[in-house]
Amino acid sequence: MVDINYIRENREYILNKYAQRGAKADIDAFLRLDDKRRQLLQKTEQLRYEKNTASQNVAAMKRKGDPAEQEIVRLKDVSQSIKKLEKELRQTQQEISDQLLGFPNIPHDSVPAGVSEADNALVRSYKEIPHFDFEPKPHHELGQVLGILDFERAGKISGSRFCLYMGAGALLERALINFMLNTHTTKHGYTEVLTPYMVNADSMRGTGQLPKFEEDLFKIESDGYYLIPTAEVPVTNIYRNEILAEADLPIYYVCYSACFRREAGSYGQDTQGIIRQHQFNKVELVKFSAPEASYNELEKLLSNAEQILKLLDLPYRVVSLCTGDLGFSAAKTYDIEVWLPSQNKYREISSCSNFEDFQARRAKIRYRPKAGGKPVFVHTLNGSGLAVGRTVVAIMENYQQPDGSIVIPDILRAYMGGMEKIV
RNA sequence: GGAGGGGUGGCCGAGUGGUUUAAGGCGGCGGUCUUGAAAACCGUUGAGCGAAAGUUCCGUAGGUUCGAAUCCUAUCCCCUCCGCCA
């Protein structure tokens with residue numbers, strides 16, 4: 001959520017930034033509504049003041065035994081007016097907050113301007129694009145031949161965009177989860193958490209999935225719960241409606257979770273293999289930071305995620321998303337893209353974002369400055385560290401051998417009972 | 001699923017229609033005293049909106065009333081017992 005005062009005071013700047021984003025937001029209509037609200041509020045409070053003081057008089061008169069009927073009759077009118085005004089005020093406020101919840105975050109000034117993926121800026125890349133002496137196969141072919149991925153039976157059990165891992169495939173997925181968690185907890189200073197996979201609507205609103213992106217979520221209609229599309233939701237909401245101490249910051253959490261996405265509107269994309277699934281595993285990094293430190297924390301978080309790919313020795317590049325490609329809640333996002341030989345291109349495997357106070361404002365996550373004074377909204381950040389299924393894809397494709405077997409990266413062997421190769 | 005009990009400030013806890021403008025305690029902060037500390041004593045101590053006056057907030061949302069923490073309705077959460085259950 002964007003600060004309403006900030007909108008009031010920086011109309012031009014925001015119009016410009018939203019234009020860069022390609023966001024449709026009628027700021028002027030919004031500001032007119034805000035004016036109306038403040039007028040209503042003033043009138044209401046005046047009347048309430050009158051009511052409160054007069055009510056005390058009635059109480060005093062009654063105590064003394066004086067007749068108060070005349071005053072009571074007059075107050076009846078005042079009370080009616082207040083109710084009318086309050087109703088109008090409530091409606092206006094609701095309208096304002098509805099609109100405000102629909103406004104996207106404002107891109108940071110360091111974000112490159114652009115309209116689409118093609119305008120994203122390359123930050124750096126790691127490792128040469130590998131050359132194969134044979135035609136590299138896609139992971140789903142390799143997986144089916146090796147008997148570690150079974151899409152047909154997954155379709156029978158659930159439907160399309162689900163997958164069934166067998167044997168060494170399941171073990172590889174589990175090994176990666178453990179490897180990632182261990183690396184982030186022991187080398188990068190994150191605290192491990194394990195959260196619910198079903199959350200309420202307030203949590204979804206807090207991180208920005210609701211109200212705008214309901215169609216992307218799985219909902220448990222009978223109970224009003226939503227399946228989390230990322231651990232970002234439950235982990236960020238740990239501190240919803242709380243005031244932290246400045247000494248608590250920064251907070252680093254790492255969380256493994258299954259993630260659930262409806263993938264509405266992506267029909268026909270990545271229909272083969274496990275690139276795009278309704279359910280997938282992810283290890284997520286989440287940070288709560290003081291505002292002045294958050295961009296430095298973003299760089300550190302990004303390099304923590306990159307470290308996983310370096311340890312697995314997979315080729316990747318980092319891009320800074322342009323204004324037009326930025327997600328709704330993010331002020332700045334780096335994507336890490338891993339090389340997939342079968343597609344002959346880089347594919348997203350992690351997305352690392354600074355949300356500044358956009359989520360904190362929605363979720364009311366604040367801290368009290370050491371120096372004293374009013375509570376301040378924290379900055380929230382998160383990034384995949386990494387998407388596990390896509391890491392499996394990258395390993396299978398980059399470590400495949402001419403005979404269709406897959407060499408296990410050194411660092412993972414200890415997590416797989418010493419296994420060196422999937423044959 | 002059934003029966004009961006309960007949600008009040010950072011925490012505990014009083015408050016069943018009108019000086020509650022939320023008592024009291026703990027904790028925190030400041031001070032007195034002290035070589036320093038503890039103890040004791042004194043003071044202070046929530047959030048939102050507003051330039052301010054002021055106003056709102058007692059789980060949440062409605063309602064009754066001139067007036068609601070207090071009464072009514074709905075709803076969420078927590079606890080106890082019973083049933084079911086990994």
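So that the names make sense, note that chain A is the first sequence line, chain B the second, and so on, each numbered from 1.
Between the C1' atom of B/rG50 and the CD atom of A/Glu45 lies a distance of 7 Å, rounded to the nearest Å. Following rounding to the nearest Å, A/Glu50 (CD) and B/rG67 (P) show an atom-to-atom distance of 13 Å.
Comparing A/Arg366 and A/Lys83 by the nucleotide of RNA chain B whose heavy atom lies nearest to each, the residue mapping closer to the 5' end is A/Arg366. Positionally, the nearest nucleotide of RNA chain B for A/Arg368 lies more toward the 5' end than for the other of A/Gln42 and A/Arg368.
The residues A/Asp77 and A/Arg74 are annotated as not salt-bridged, no charged nitrogen and carboxylate oxygen being separated by less than 4.0 angstrom.
Ring-plane geometry between A/His188 and A/His184 is classed as tilted, the angle between the planes lying from 30 to 60 degrees on a 0 to 90 degree scale.
The same atom, P, is picked in B/rG4 and in B/rG17; the two are 25 Å apart, to the nearest Å.
Contact annotation for A/Arg361: no contact, since no heavy-atom pair falls under 4.0 Å across all strands. Contacts of A/Asn52 with the nucleic acid, taken as non-hydrogen atoms under 4.0 Å apart, involve only primed sugar atoms and P, OP1 or OP2. A/Asn57 comes within contact range of no nucleotide atom at all, as no heavy-atom separation falls under 4.0 Å.
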Stepwise salt bridge (charged side-chain N to carboxylate O under 4.0 Å, His left out) check, A/Asp3 with A/Arg8: CA-CA 9 Å; A/Asp3 183 1; A/Arg8 228 178 268 140; over 6 Å; no
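For A/Phe30 and A/Phe103, the ring centers are positioned less than 6.0 Å apart.
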